[in-house]
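All heavy atoms count here, side chains included; hydrogens, waters and symmetry mates do not. So you know, we letter chains A, B, ... as the sequences are listed, proteins then strands, and number each from 1.
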Number of protein chains: 2
Amino acid sequence: MSTVQGARARARIEVTAAIKDEARKQLATEGATKLSLRAVARELGMVSSALYRYFPSRDDLLTALIIDAYDAVGEAAEQALAKQRKAASPAARWTAVCRAVRAWALAHPHEFTLIYGSSVPGYTAPQETVGPAARVGLVLVSIARDAHHGKGIAPPPLAVPLRAEAERMAAELAPDLPPAVVVALVAAWAQLFGLILFEVFGQFRRVVEDRDPFFTHAAEQLARSVGLVLPA
Amino acid sequence: MSTVQGARARARIEVTAAIKDEARKQLATEGATKLSLRAVARELGMVSSALYRYFPSRDDLLTALIIDAYDAVGEAAEQALAKQRKAASPAARWTAVCRAVRAWALAHPHEFTLIYGSSVPGYTAPQETVGPAARVGLVLVSIARDAHHGKGIAPPPLAVPLRAEAERMAAELAPDLPPAVVVALVAAWAQLFGLILFEVFGQFRRVVEDRDPFFTHAAEQLARSVGLVLPA
DNA sequence: TCACGAACGAGAGCACCGCTCTCGCCCACG
DNA sequence: CGTGGGCGAGAGCGGTGCTCTCGTTCGTGA
């Protein structure tokens, strides 16, 4: 029933996409705070009130862009993993995924900021965002899972004993992995984005100049921290 | 000459402080994007144009708040280090500083977001911010330096060989420390804020529930990654 | 001492914003 | 074929950052 929708529905999809495209363009040049419904409408030859036929509010437009951005960075990570799949070591896959996420962030800094930077502390993300938001994390988990299950090359790498609460959290998130690996995985997930955020926000200016090799090295160390690198 | 300034100068200082206080209050309740000059003026019983006698623009007000926030979190880190100074192991000092930074961030989420989150990708921070912004990093460096120089307990912990550029960067930043330690230090610096940002932004919701022990564990692992933990 | 000038607050006003409401139009479905 | 609902246009509301002008106040240098 959805294959050949009426012209009405098709037009709606097209206009919605055009609005998002124009909004993304303004996002890239001006940033999220400067994104203006009126400017988007103006650029599209519409009047501002017409946009409200497609998005109930400016925040809903932003939410749509957020979901798209989560999907885009998640897909970048998944494609990087797929490209590395055969015969690459877990550490090599990990690094490739990290580099892909970083590359996407540097190519779309404002969209990356939108999802990982400027979030409002009090604000609870709408339910539709949680799925797309999890994709990068799931890619990282899958690398560890493959390494642990398939070839069994990921030993629990940690010397510091875990608290009981951490054990429980690990059992909930990924019961098939050693708790220490799960905890390290979650931490590495956040730390990866710390590295990228600092680079995107310019915190490394005058501190790290050759950021590409620095990042690669840090990503490899993260892989080590999760136990993806075999002791030599 | 500056001890007993005229009454006008004192009034100016007081009004400036009152503006910043009210702005901080609104920042805490509404967030940076909703901070309104007119609302601040209204609350202070002034008219909006009067604020421009004290801050040339809204962005300059925000810059002032940014500097204050950098100083506040830097001071929190420095005080945590000072409190731990005597007889504490380098790893214990490291963890204490990390926990102090996190505690400040959780207590002032909007101010933390202002300095580490919502930064505009294209925007270059004014020169006045670089000093205050460096304070937390310098505290971390000082811990590693004390450990390396004073007691020599920080062995270069890394197995992956460094690139030549990384060696050069390390020599510029802290020539008295082993390059591998400097590189790990910079990465740990960014990763620490990745952990805190994810917690402040709610990325750990439904993922990490007992965040305090999780963070402490992650901070200890970061100390390990810099070489602050002696091999058992 | 006193006049000058700088700093100050008030107010009006500009251009822009998000959002609402009403109004005609026109297409698709019953 | 008639009609109801989706649509775009337009006016308008209250808000924003920022500018300019105009009296007033108050410290300071002559």
Side-chain angles (χ1 to χ4, degrees), chain A residues 1-27 29-66 110 114 118 120 123 126, chain B residues 1-20 22-27 29-66 114 118 120 123 126:
Chain A
M1 59 169 81
S2 71
T3 57
V4 181
Q5 282 289 38
R8 191 79 293 111
R10 209 165 337 165
R12 173 166 250 278
I13 291 176
E14 274 177 24
V15 174
T16 304
I19 292 172
K20 288 205 289 187
D21 282 350
E22 178 59 34
R24 236 186 307 269
K25 196 183 303 176
Q26 295 199 11
L27 197 67
T29 61
E30 301 281 4
T33 68
K34 298 297 218 176
L35 204 178
S36 145
L37 278 187
R38 292 179 113 110
V40 170
R42 210 180 300 129
E43 210 65 24
L44 261 46
M46 312 168 82
V47 99
S48 72
S49 59
L51 285 200
Y52 287 82
R53 302 286 180 188
Y54 301 90
F55 296 95
S57 77
R58 180 180 181 275
D59 280 352
D60 289 272
L61 212 198
L62 277 179
T63 299
L65 296 181
I66 286 173
H110 287 93
L114 189 63
S118 63
V120 184
Y123 164 86
Chain B
M1 59 170 80
S2 70
T3 58
V4 181
Q5 280 289 40
R8 65 254 138 248
R10 210 167 335 175
R12 172 166 252 278
I13 291 176
E14 273 177 25
V15 174
T16 303
I19 293 172
K20 289 204 289 185
E22 179 58 34
R24 234 187 308 270
K25 197 183 301 176
Q26 295 199 9
L27 197 67
T29 63
E30 302 281 5
T33 68
K34 299 298 220 175
L35 204 178
S36 148
L37 277 187
R38 292 179 111 110
V40 171
R42 209 178 301 128
E43 210 66 24
L44 262 47
M46 314 169 80
V47 99
S48 72
S49 59
L51 285 200
Y52 288 82
R53 302 285 179 189
Y54 302 90
F55 296 95
S57 77
R58 181 180 179 275
D59 280 352
D60 289 272
L61 212 199
L62 277 178
T63 298
L65 296 181
I66 286 173
L114 188 65
S118 64
V120 183
Y123 164 86

ask   = What is the distance from atom NZ of A:K34 to atom OG1 of A:T29, rounded to the nearest 0.5 Å?
value = 11.5 Å
Closest nucleotide among D:dA9, D:dC18, D:dC22 to the A:M46 side chain = D:dA9
task = Work out which heavy atom in B:K20 is nearest to a heavy atom in B:A64; give both atom names and the distance.
result = CD-CB, 4.0 Å
task = Assign each of B:Y54 and A:L35 to its nearest nucleotide of DNA chain C by heavy atoms, then name whichever residue's nucleotide is nearer the 5' end.
result = B:Y54
remark   = To the nearest angstrom, the CG-P distance between A:L51 and D:dG8 comes to 9 Å
task = Can you see which heavy atom on B:L65 is nearest to which on B:R24, and at what distance?
result = CD2-NH1, 3.8 Å
request  = Calculate, to the nearest 0.5 Å, the distance between atoms CD1 and CG belonging to B:I66 and B:L114 respectively.
outcome  = 4.5 Å
note = Across all chains, not counting sequence neighbours, the salt bridge (charged side-chain N to carboxylate O under 4.0 Å, His left out) partners of B:K25 are B:E22
ask   = To the nearest angstrom, how far is A:L44 atom CG from D:dC7 atom P?
value = 15 Å
Give me the distances for all protein-to-nucleotides 27-30 of chain C N/O pairs that come in under 3.5 Å?
unit_1 : atom_1 : unit_2 : atom_2 : d
C:dC27 : O3'    : A:R8   : NH1    : 3.3

query = Between B:Y52 (OH) and C:dA7 (C1'), how many Å, whole number?
reply = 18 Å
message = Side chain of A:L37, heavy atoms from C-beta onward: which of C:dG18, D:dC18, D:dA9 has the nearest atom to it?
response = C:dG18
Indicate every side-chain donor-acceptor pair of residues 38-53 of chain B with a distance under 3.5 Å to a residue at least two apart or in another chain.
none

message = Which residues pass the side-chain contact (heavy atoms from CB on, under 4.5 Å) test with B:D59, not counting sequence neighbours?
response = B:S57, B:L62
key: Intra- and inter-strand pairs of DNA chain D in dot-bracket (Watson-Crick or G-U wobble, both distances under 3.5 Å; | for another strand)   = ||||||||||||||||||||||||||||||
Do any N or O atoms of the protein come closer than 3.5 Å to N or O atoms of nucleotides 11-13 of chain D, and which pairs are they?
unit_1 : atom_1 : unit_2 : atom_2 : d
D:dG12 : O6     : A:R38  : NH2    : 3.4

message = Just N and O in the side chain of B:R42: are any of them under 4.0 Å from OP1 or OP2 of D:dT16?
response = yes
Euclidean distance, atom CG of residue B:D60 to atom C1' of D:dC18 [Å, nearest integer] = 12 Å
remark   = Rounded to whole Å, the NZ-P distance (B:K34 to D:dG17) equals 11 Å
message = Please tell me if B:R58 has a side-chain N or O lying less than 4.0 Å from either OP1 or OP2 of D:dT16.
response = no
query = What's the closest nucleotide to the A:S36 side chain, out of C:dG18, C:dG9, D:dT16?
reply = C:dG18
Between P of C:dA7 and CZ of B:R10, the distance in whole Å = 18 Å
ask   = Separation of A:L61 atom CG from C:dG18 atom P, in whole Å?
value = 10 Å
task = In whole angstrom, give the distance that lies between atom CZ of B:R53 and atom P of C:dG9.
result = 8 Å
message = Looking at every non-hydrogen atom in both residues, tell me the closest pair between A:L61 and A:F55 and how far apart they are.
response = CA-CD2, 3.8 Å
